[in-house]
Protein chains: 2
Amino acid sequence: MTTMSNRYQPDTTKNRPTMRHVAALAGVGIKTVSRVMNDEPGVSEETRQRVLGASQQLNYQLDMAAGSLRRAGRRTLSIGLLLPSVSNPFSGEIHRALEDSLAARGIAVFAASLDDDPEREKALVAAFLGRRVDGLVLTPIAKSQSYVIPEHSRDLPMVFIDREPVGIEADAVVTDNAVGSAMAASHLIAQGHSKLAYLGDRTDIQTARERRRGFIEEVGRAGIATSSVPVLEGLHDEDSARRAALQLLTSEDPPTAIFSSQNLVTFGVMRALKELGASKRVALVGFDDFTLADMMEPGVTVIAQHPDRIGKLAAERLLARIDGDHGAAQTYVVPSELITRGSGELPPPE
Amino acid sequence: MTTMSNRYQPDTTKNRPTMRHVAALAGVGIKTVSRVMNDEPGVSEETRQRVLGASQQLNYQLDMAAGSLRRAGRRTLSIGLLLPSVSNPFSGEIHRALEDSLAARGIAVFAASLDDDPEREKALVAAFLGRRVDGLVLTPIAKSQSYVIPEHSRDLPMVFIDREPVGIEADAVVTDNAVGSAMAASHLIAQGHSKLAYLGDRTDIQTARERRRGFIEEVGRAGIATSSVPVLEGLHDEDSARRAALQLLTSEDPPTAIFSSQNLVTFGVMRALKELGASKRVALVGFDDFTLADMMEPGVTVIAQHPDRIGKLAAERLLARIDGDHGAAQTYVVPSELITRGSGELPPPE
DNA sequence: ATGATGCATGACATCGTTGTCAGGCACCAG
DNA sequence: CTGGTGCCTGACAACGATGTCATGCATCAT
């Protein structure tokens, strides 16, 4: 008997209360509870207080998922964010800026790491779509993003960051990679260097190609034979960059200035220079700023990106699309910035 | 007339297809579509193929939210993660390790930044609860976490990281702050130092208090008068730490060795030492490892935490709880590690 | 031939909420 | 007193899926 009564009594401790529970306790209909929870008009102050009291007593919390199922527009107030890796500081700053802009609208962010894996990109997009996100912000890595065309044409807001998408016309927010790299070249040339070298990331990465292009083109514009400039690519981690730099610097006719296209490559070059005791002899400009760059000996001159601005702009575009902006897709370019700290201002040996 | 027919025709382009659409196209009932989409048995191979074909043709995707509404257990396959800031590298690594462990189970992660704001902590927890997450991983910052007791007693899986919760018994995964700091003290003392100093973060942060306690207790154990050890606290950013260190180092009887309790404090101390040209004269051990610590001059000796292990362990505990582990709450301690790089091995002036 | 068994299938209620709509009541003007 | 006008309120269907259950059909042992 006891067992039976237990079985049929609602277990207030374990079961999450629903609107029905609140309505019963407050002695009103569930629609009235709904109105109160959503701050809709048309509820007398007295009823409102009674409902609020009951909901607090039961520790009730609205179920957004159930709500958005029925609600017009079907907003879930969540978006998906795909980054190279959430542990990458550059990505982290973009993420933070995005979050700040979206939090003001009560939008939560699903974040996930891609690890340069095209398959993961597709799987994660699918996972987000299954959760009915209101929008997507992603760093494309797959060869083509045409797989999201069906969603895009269903008006799912979508903004690509860092790299432009291929095979689909959609908004993108990117750094001015080529211009920044050209700045690096012209800066080094202005210091009197003519023996430059380029150390870069894997060429299947769009931004790496852009940086090389910008650098080399500027070298050419300055009247230096581009064929004389060593271009070492495919460097994706610190150690491969270190070894490449060591080889380059101990070669017959070593460069007097180096441009490294990415953080890890810059670190590798710094290591090589330190090992050779050449830190104050060979000029270095790196793409991407990093913590403590100014504390190195000498300070490291960089082309800084502005992840905060990228994140903020991406959020703005996404929100505009969510709010119904149907204008043509556009690419927004965030300028990079030369920050001089010493390593890039070392003159060539006379 | 045209307008009317438009209004009543389902717009295949804009409207997301549902199971009903797939069922209609395949000529089956929607329950059969449900079975196919969920890989449930009891569907003939022929029917299965027809359904799969229809679903691909329509680009159909299951709506997880609607599903978990009815489904037993009500799993949403998403969890909420609350971090000091997603742009903080330490947090980023925890996040990444968590993600990796959870991704294997198809669980997506909502991430949000706390910014040391107790109000935000509560608001964000509420936001996650409203989205019916299957679990919560959080860095507590509010004075007490008793506000989640109702959820906790409803068996919402919950793991605290970095700091232990107050006012509630729940799982926690933390670094061995006191032991690590004691290691720092004993290491410096072993180098012959007796004039030590402690520079720490705000005392309302639990881990900062633990680190001070561990450090000071070890100093006492070594027979040094703890009252002789300067304790400068409330340092929450680089510049306040830098100024505190400058003042300390230019005082009448400056310490010969410094322990800094946190990254930003360490950076501030490094700056001060550099400004005074004392980098190779005053010993320094910092709590928390950081990128390029080995590239400094001298390399910076640190007590390294293991964010990856914290994240992985937190994920394991969370999954265990999700899988129904009802054992008593427990605190898991991840040991820290002394990494010697030079700055901590500088001897005192004879 | 007959009833039992098993498989494939779909009708229907349901999850927790919101949109729609109609009903009840108080109030006011005529 | 009557009809109109608002304001509150709740019954009910619906959102897109899954759990339950009944049904139809083929197969099989008796």
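We name chains A, B, ... by the order of the sequence lines, and we start the count at 1 in each one.
Residue B:E169 places its CD atom among 12 or fewer non-hydrogen atoms of other residues, nucleotides or ligands, all under 6.0 Å distant. Around CD of A:E40, the count of heavy atoms belonging to other residues, nucleotides or ligands within 6.0 Å exceeds 12.
The only member of A:D155, A:D134, A:D171 that meets salt bridge (charged side-chain N to carboxylate O under 4.0 Å, His left out) when paired with A:R321 is A:D171. The side-chain contact (heavy atoms from CB on, under 4.5 Å) with B:L124 is formed by just one residue from the set B:L138, B:L136, B:L114; it is B:L114. A side-chain contact (heavy atoms from CB on, under 4.5 Å) with B:S55 is found for exactly one of B:Q61, B:M37, B:M19, namely B:M37.
Overall, the helix from C:dA1-D:dT30 to C:dG30-D:dC1 carries an axis bend of 50° between its ends, with five pairs at each end and the value rounded to 10°.
Between A:D63 and A:R16, no side-chain nitrogen of the basic residue sits less than 4.0 Å from a carboxylate oxygen of the acidic one, so the salt-bridge criterion is not met. With respect to A:E151 and A:R132, no salt bridge is recorded, no charged nitrogen being found less than 4.0 Å from a carboxylate O. Taking a cutoff of 4.0 Å between a charged side-chain nitrogen and a carboxylate oxygen, B:D117 and B:K122 do not qualify as a salt bridge.
The shortest side-chain heavy-atom distance between B:T47 and B:R50 falls under the 4.5 Å cut-off.
Using a 4.0 Å cutoff to heavy atoms of chain A, the contacted part of DNA chain D runs 5' to 3' from D:dC8 to D:dG16.
Mapping B:G27 and B:R74 onto DNA chain C by nearest heavy atom places B:G27 closer to the 5' end of the strand.
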Quiz item: Yes or no on side-chain hydrogen bond (donor to acceptor under 3.5 Å, both in side chains) for A:S113 and B:E99, after CA distance, side-chain angles and deciding distance?
Solution: CA-CA 8 Å; A:S113 304; B:E99 182 196 336; 2.7 Å; yes
Practice problem: Determine, for nucleotides 17-26 of chain C in 5'-to-3' order, which nucleotides have protein heavy atoms under 4.0 Å from the base (write B), from only the sugar-phosphate (write S), or from neither (write -). | Solution: BBBB------
